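All remarks here apply to the structure that follows.
Computed from a predicted structure; not experimentally measured. Residue numbers start at 1 and run along the sequence shown.
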Amino acid sequence: MAPVKGLLIDLDGVMYVDNTPIAGAIDTIAILQRQGLAIRFLTNTSTRSLQSLWQKLHGMGLNIGKEQIFSSPAAAVGFLQQRQYKKVRLLLDDDVKQDFSHFQINEDTPDAIVLGDIGDRWNYDLLNGVFRQVIAGSEMVFLHRNRFWQTGQGLNLDIGAFAAALEYATGKKAHIMGKPSREFFQLVLDDMGLTADQAVMIGDDIDSDIGGAQALGVPSLLVKTGKYREEVAKRSPVRPDAVLDSIAGLPQWLEQRS
C-alpha cells in the first residue's frame, strides 16, 4: 500500500447508528483532522437532503463539513443533469426531494424514476406502476443497491431487493448511484485529487463498501459495527485489507503504517 493521503469513510454504521455516534467516533474525527488527511464521508443514505444530513451529524457532535459529504442523491442529480433528463418521478422521502428541486416532476411519463428509501410505502401496486413505466421507456435510477441496513431494532430489508425485482421483471438494468458504483468512488477520488492507492476506504458493508472500493483499487478496512455480521463477511468473496473493531481503532492503524 502507498502512503495514505486520504480517507473515504462510510457514515451510517461506521460513524453512527440511528441518532447515536459510535463510541470513539467524535474523538477519531478530531484526531484525523489534526493529522491533515483529506477526508470524505460517503453515504448511501437516501432519506435526507444534504442539508438535513449535515445538520443531523452536527446534532450528534460529529464535526463534519458539508463539503466533505458525498451522498447518493447528489450523485443522482449529477447523473440526471449529465443525461439531460428533464422529467422525473421521485419515489423518495419528502426531505431528500429538496435536492431535486430544479427538475420537472412528472408522475405519468417521466424520463427517469428516482428510487430511494421509502420504508413501508413499498407495495405491489407501487412496484407494478414502476414496472409499467419502465417497460414504456422510463429509466430506473436507484440511489443505492444495499441489501439491508442496521437500525436500533436490528437489520431491515433495503431497496436492493426492489431493484433486483424490477430488473428481473423488466429485463432492464437500473442505474445505481451510490456505493458500490465505481463511478461514485471515482467521483470522490477526483474531488480529493488522489489516486486509488493513495486512499483507504472504511466501511461496515463487506460488499458495498469494501468490495466497491476494492474494485477500483482502493484498499479497504472493514469495521465490526453497524450492519457488520461475521457470518455475512465469511460468506462473501470479498476480503478486506484489514478488520477493525470500530472506527476508534483507525488512528492507531494509521500510526502503525507510518
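- Side-chain contact between Val14 and Ile22 is absent, with no heavy-atom pair separated by less than 4.5 Å.
- Shortest non-hydrogen contact noted between Ala25 and Leu62 is CB-CD2, 4.1 Å.
- Residues Val218 and Met192 share a single hydrophobic cluster, defined by chaining ILVMFWY side chains whose heavy atoms lie under 4.5 Å apart.
- Atom NZ of Lys86 is surrounded by 12 or fewer heavy atoms from other residues, nucleotides or ligands within 6.0 Å.
- There is a side-chain donor-acceptor pair under 3.5 Å between Ser52 and Asp95.
- Clustering ILVMFWY residues whenever any of their side-chain heavy atoms sit less than 4.5 angstrom apart, transitively, puts Met15 in the very cluster that holds Val200.
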In a table with atom names and distances, give each donor-acceptor pair under 3.5 Å that connects a side chain of residues 124-133 to protein atoms at least two apart or in another chain.
unit_1, atom_1, unit_2, atom_2, d
Gln133, OE1, Arg89, NH1, 2.8
Gln133, NE2, Glu107, O, 2.6
Gln133, NE2, Asp108, O, 3.2

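- Side chains of Ser49 and Gln51: a donor-acceptor N/O pair is absent below 3.5 angstrom, by distance only.
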> Which is it for Tyr16 and Lys56 under the side-chain contact (heavy atoms from CB on, under 4.5 Å) test, yes or no, and what are the steps along the way?
Replying inline: CA-CA 11 Å; Tyr16 67 88; Lys56 173 180 177 174; 3.6 Å; yes
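- Looking only at atom types and distance, the side chain of Thr195 has a donor-acceptor partner in the side chain of Gln198 under 3.5 Å away.
- Closest heavy-atom contact between Arg182 and Ala215: NH1-O, 2.6 Å.
- In this structure, CG on Asn146 lies 9.0 Å from OG1 on Thr45, to the nearest 0.5 angstrom.
- As a member of the Ile/Leu/Val/Met/Phe/Trp/Tyr network built from side-chain separations under 4.5 Å, Val141 groups with Val77, Phe79, Leu80, Tyr85, Val88, Leu90, Leu92, Val96, Phe100, Phe103, Ile105, Val114, Leu143, Met177.
- Using a cutoff of 4.0 Å between basic side-chain nitrogens and carboxylate oxygens, Lys234 and Glu230 are scored as salt-bridged.
- In this structure, the separation between OG on Ser181 and CZ on Arg145 is 11.5 Å, given to the nearest 0.5 Å.
- A heavy-atom distance below 4.5 Å is found between the side chains of Leu57 and Ile69.
- Side-chain contact between Trp253 and Leu244 is present, with at least one heavy-atom pair separated by less than 4.5 Å.
- Summarising the geometry of Ala199 relative to Leu189, their closest heavy-atom pair is CB-CD2, 3.8 Å, with the distance given to 0.1 Å.
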>> For a side-chain contact (heavy atoms from CB on, under 4.5 Å) check, start with the C-alpha distance between Glu167 and Met140, then their side-chain angles and the critical distance, and finish with the verdict.
In response: CA-CA 9 Å; Glu167 286 179 329; Met140 288 183 290; 4.2 Å; yes
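- Nearest heavy-atom pair, Pro180 versus Gly212, reported as atom, atom and distance to 0.1 Å: CB-CA, 3.6 Å.
- Annotation: side chain of Phe184 is in contact with side chain of Phe70 (closest heavy-atom distance under 4.5 Å).
- Defined by atom type and a distance below 3.5 Å, a donor-acceptor pair is missing between the side-chain atoms of Asp204 and Thr225.
- Summarising the geometry, atom CG belonging to Leu53 is positioned 6.0 Å from atom CG belonging to Leu11; distances are rounded to the nearest 0.5 Å.
- Using a 4.5 Å heavy-atom cutoff, the side chains of Ile9 and Ile247 are in contact.
- Leu254 has its side chain out of reach of Arg257: every pair of non-hydrogen atoms, C-beta onward, lies at least 4.5 Å apart.
- Lys5 NZ: 12 or fewer foreign heavy atoms inside a 6.0 Å radius.
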>> Determine whether Ser46 and Asp117 satisfy the following criterion, side-chain hydrogen bond (donor to acceptor under 3.5 Å, both in side chains), listing intermediate values before the conclusion.
In response: CA-CA 6 Å; Ser46 62; Asp117 297 297; 2.5 Å; yes
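- When all heavy atoms of Met60 and Thr20 are compared, the pair lying nearest together is SD-N, 3.7 Å.
- Atom CD of Gln252 has 12 or fewer neighbouring heavy atoms from other residues, nucleotides or ligands inside a 6.0 Å radius.
- Here OG of Ser236 is found 9.5 Å from CD1 of Ile210. Values are rounded to the nearest 0.5 Å.
- The only option from Asp158, Asp205, Asp12, Asn156 that meets the side-chain hydrogen bond (donor to acceptor under 3.5 Å, both in side chains) definition with Lys227 turns out to be Asp205.
- Leu221 is not listed as a side-chain neighbour of Val243, based on a closest heavy-atom distance of 4.5 Å or more.
- Hydrophobic clustering (side-chain heavy atoms under 4.5 Å, transitive across Ile, Leu, Val, Met, Phe, Trp, Tyr) groups Ile159 together with Val134.
- Note that NZ of Lys179 is 6.0 Å distant from OG1 of Thr43, once rounded to the nearest 0.5 Å.
- The line from CG of Leu7 to CD of Gln35 is 8.5 Å long, rounded to the nearest 0.5 Å.
- Counting heavy atoms from C-beta on, the side chains of Lys172 and Leu166 never come closer than 4.5 Å.
- The two atoms that bring Thr109 and Lys87 nearest to each other are O-NZ, 3.2 Å, heavy atoms only.
- Follow the hydrophobic side-chain contacts under 4.5 Å out from Leu42 and you never reach Trp54; the two are in separate clusters.
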